[in-house]
> 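This structure is in structure tokens; I'll ask about it shortly.
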Amino acid sequence: METISQNKAYGGVQGVYRHQSATTGTDMTFSVYVPPHDDGAKLPVLWYLSGLTCTHANVTDKGEYRRSCAERGIIFVAPDTSPRGGGVPDDESWDFGQGAGFYVDATEEPWSTNFRMRSYIEDELPALIAREFPAADLSRQGIMGHSMGGHGALTIALRNPARFRSVSAFAPIASPLNCPWGEKALGGYLGPDRGAWMPYDACALIAGGARLDALLIDQGDADPFLKEQLKPELLQQACDEAGIPLTLRMQPGYDHSYYFIATFMDDHIAWAAERLR
């Protein structure tokens with residue numbers, strides 16, 4: 001693991017790191033904030049998955065999470081959204097290819113060699129965090145995300161319910177099977193068989209029996225993607241039918257940006273901290 005940068009913040013260390021991923025076959029960059037702690041202390045880990053076009057840097061630079069994580073003793077990990085590099089396939093559109101990995105393991109060519117973000121987030125990166133960050137207590141994990149990353153957080157948590165004590169999201173893509181972004185990405189990465197898409201749709205997973213103890217969602221009502229792409233009402237319906245306690249907060253006047261995320265970031269970290277004690 002190569003250290004790209006380290007900066008002191010709120011008594012802890014904000015680092016950016018790079019490593020050669022066996023899963024994606026590329027270099028992968030991620031950021032980790034480790035709050036101040038006593039020697040030998042073990043701290044819970046909160047994962048943040050970013051949205052379309054983003055890298056680790058968006059939340060690292062604009063998410064305003066460090067003070068809250070320092071006060072509550074939480075390690076904050078922000079991976080990239082896809083493999084990158086000159087030899088990695090890409091697409092000319094902004095919502096597919098590099099920057100738009102959708103947290104799936106692609107099965108279609110030319111994507112299947114590198115676009116394996118499900119395995120990277122679920123398996124390889126947690127093992128690296130456990131090995132390289134001795135304060136990380138991976139018996140206490142939470143996960144959150146924004147937009148495409150909200151979709152990733154929900155589906156990863158629903159597939160691994162015993163792993164994550166806390167789950168939340170900002171403006172998640174609630175049902176990729178039922179929106180243009182999802183249909184384009186899942187069709188492109190996984191092929192035309194919609195049955196292969198089911199593990200990557202939170203509503204479908206819930207309908208199939210997957211459960212969470214509780215879920216927090218914040219959604220701006222001025223979000224330009226709300227009606228066509230995000231569709232939180234589908235997640236509300238799925239949770240109601242399954243008996244999953246969902247706190248869905250429609251925030252008046254807020255859009256899809258990091259101004260929205262930063263405003264409610266402390267609420268999500270507090271939500272996680274309560275469940276990660």
Side-chain angles (χ1 to χ4, degrees), residues 1-4 15-33 45-60 75-91 95-133 136 138 141-164 167 169 172-173 176 182 185-186 188-191 196-197 199-202 205:
M1 187 181 73
E2 173 190 358
T3 299
I4 297 174
V16 178
Y17 309 94
R18 180 165 51 226
H19 75 114
Q20 175 66 35
S21 168
T23 302
T24 67
T26 67
D27 285 345
M28 295 295 291
T29 302
F30 61 97
S31 76
V32 180
Y33 177 68
V45 175
L46 180 58
W47 298 84
Y48 178 93
L49 305 185
S50 292
L52 287 164
T53 75
C54 292
T55 71
H56 71 282
N58 296 75
V59 70
T60 305
I75 294 173
F76 192 97
V77 181
D80 202 346
T81 54
S82 79
R84 300 177 191 271
V88 177
D90 200 5
D91 189 86
D95 56 356
F96 191 70
Q98 293 189 34
F102 255 81
Y103 304 99
V104 307
D105 279 355
T107 57
E108 296 292 296
E109 296 295 338
W111 314 102
S112 58
T113 298
N114 305 114
F115 280 70
R116 304 185 63 236
M117 291 302 294
R118 171 181 177 173
S119 292
Y120 179 72
I121 299 296
E122 289 187 354
D123 301 317
E124 185 179 18
L125 189 55
L128 180 68
I129 296 297
R131 185 169 67 248
E132 298 288 346
F133 296 88
L138 291 175
Q141 294 186 75
I143 192 166
M144 61 195 295
H146 169 233
S147 193
M148 178 186 73
H151 138 76
L154 294 179
T155 55
I156 289 171
L158 285 161
R159 292 193 304 263
N160 301 275
R163 183 183 299 185
F164 298 101
V167 186
I173 302 172
L186 298 185
Y189 293 135
L190 304 173
W197 304 5
Y200 301 106
D201 185 291
L205 287 167

> Considering only heavy atoms from C-beta outward, does the side chain of Ser50 approach that of Met148 to under 4.5 Å?
no
> What is the distance from atom CH2 of Trp111 to atom CG of Asp105, rounded to the nearest 0.5 Å?
15.0 Å
> With a 4.5 Å heavy-atom cut-off, do Trp47 and Pro79 have their side chains touching?
yes
> Closest heavy-atom contact between Ala153 and Gly145?
CB-N, 3.9 Å
> Would you call Phe76 and Thr60 a side-chain contact if the rule is heavy atoms closer than 4.5 Å?
no
> Which atom pair, heavy atoms only, marks the closest approach of Gly152 to Leu49?
C-CD1, 3.7 Å
> Can you tell me how far the CG atom of Leu186 sits from the CD atom of Glu108, to the nearest 0.5 Å?
11.5 Å
> Taking side chain as C-beta onward, heavy atoms only, is Thr81 less than 4.5 Å from Leu52?
no
> Give the intermediate values and the outcome of ring-ring contact (aromatic ring centres under 6.0 Å, His included) for residues Phe102 and Phe96.
CA-CA 9 Å; Phe102 255 81; Phe96 191 70; 8.6 Å; no
> Without swapping roles, check the side chain of Asp91 against the backbone of Gly97 for a donor-acceptor pair under 3.5 Å.
no
> Determine the minimum heavy-atom distance between Phe115 and Val88, stating which atoms define it.
CE1-CG1, 3.6 Å
> Who are the salt bridge (Lys or Arg N to Asp or Glu O under 4.0 Å) partners of Glu122, not counting sequence neighbours?
Arg118, Arg159
> With a 4.5 Å heavy-atom cut-off, do Val32 and Ile129 have their side chains touching?
yes
> How many angstroms lie between atom CG of Leu190 and atom OG1 of Thr107, to the nearest 0.5 angstrom?
5.0 Å
> Of all heavy-atom pairs between Ser119 and Thr23, which one has the smallest distance, and what is that distance?
CB-CG2, 3.8 Å
> What's the separation between atom CD1 in Ile143 and atom CD1 in Ile156, rounded to the nearest 0.5 Å?
4.5 Å
> What closest approach, in Å, do Ala202 and Leu154 show between heavy atoms, and which atom pair accounts for it?
CB-CB, 3.9 Å
> Report the distance from atom CD of Glu132 to atom CG of Leu125, rounding to the nearest 0.5 Å.
11.0 Å
> So that I know where these two stand, are Tyr17 and Phe133 an aromatic pair - ring centroids less than 6.0 Å apart?
yes
> Has Asn58 got a side-chain atom pairing as donor or acceptor with Thr55's backbone, closer than 3.5 angstrom?
yes
> Of all heavy-atom pairs between Pro126 and Leu138, which one has the smallest distance, and what is that distance?
O-CD1, 3.3 Å
> For Ser82, does its backbone N or O pair with a side-chain atom of Gln98 as donor and acceptor, under 3.5 Å?
no
> Could you tell me whether the side chain of Glu124 and the main chain of Ala22 form a donor-acceptor pair under 3.5 Å?
yes
> Say you draw a straight line from OG of Ser147 to CD1 of Ile173; how long is it, rounded to the nearest 0.5 Å?
4.5 Å
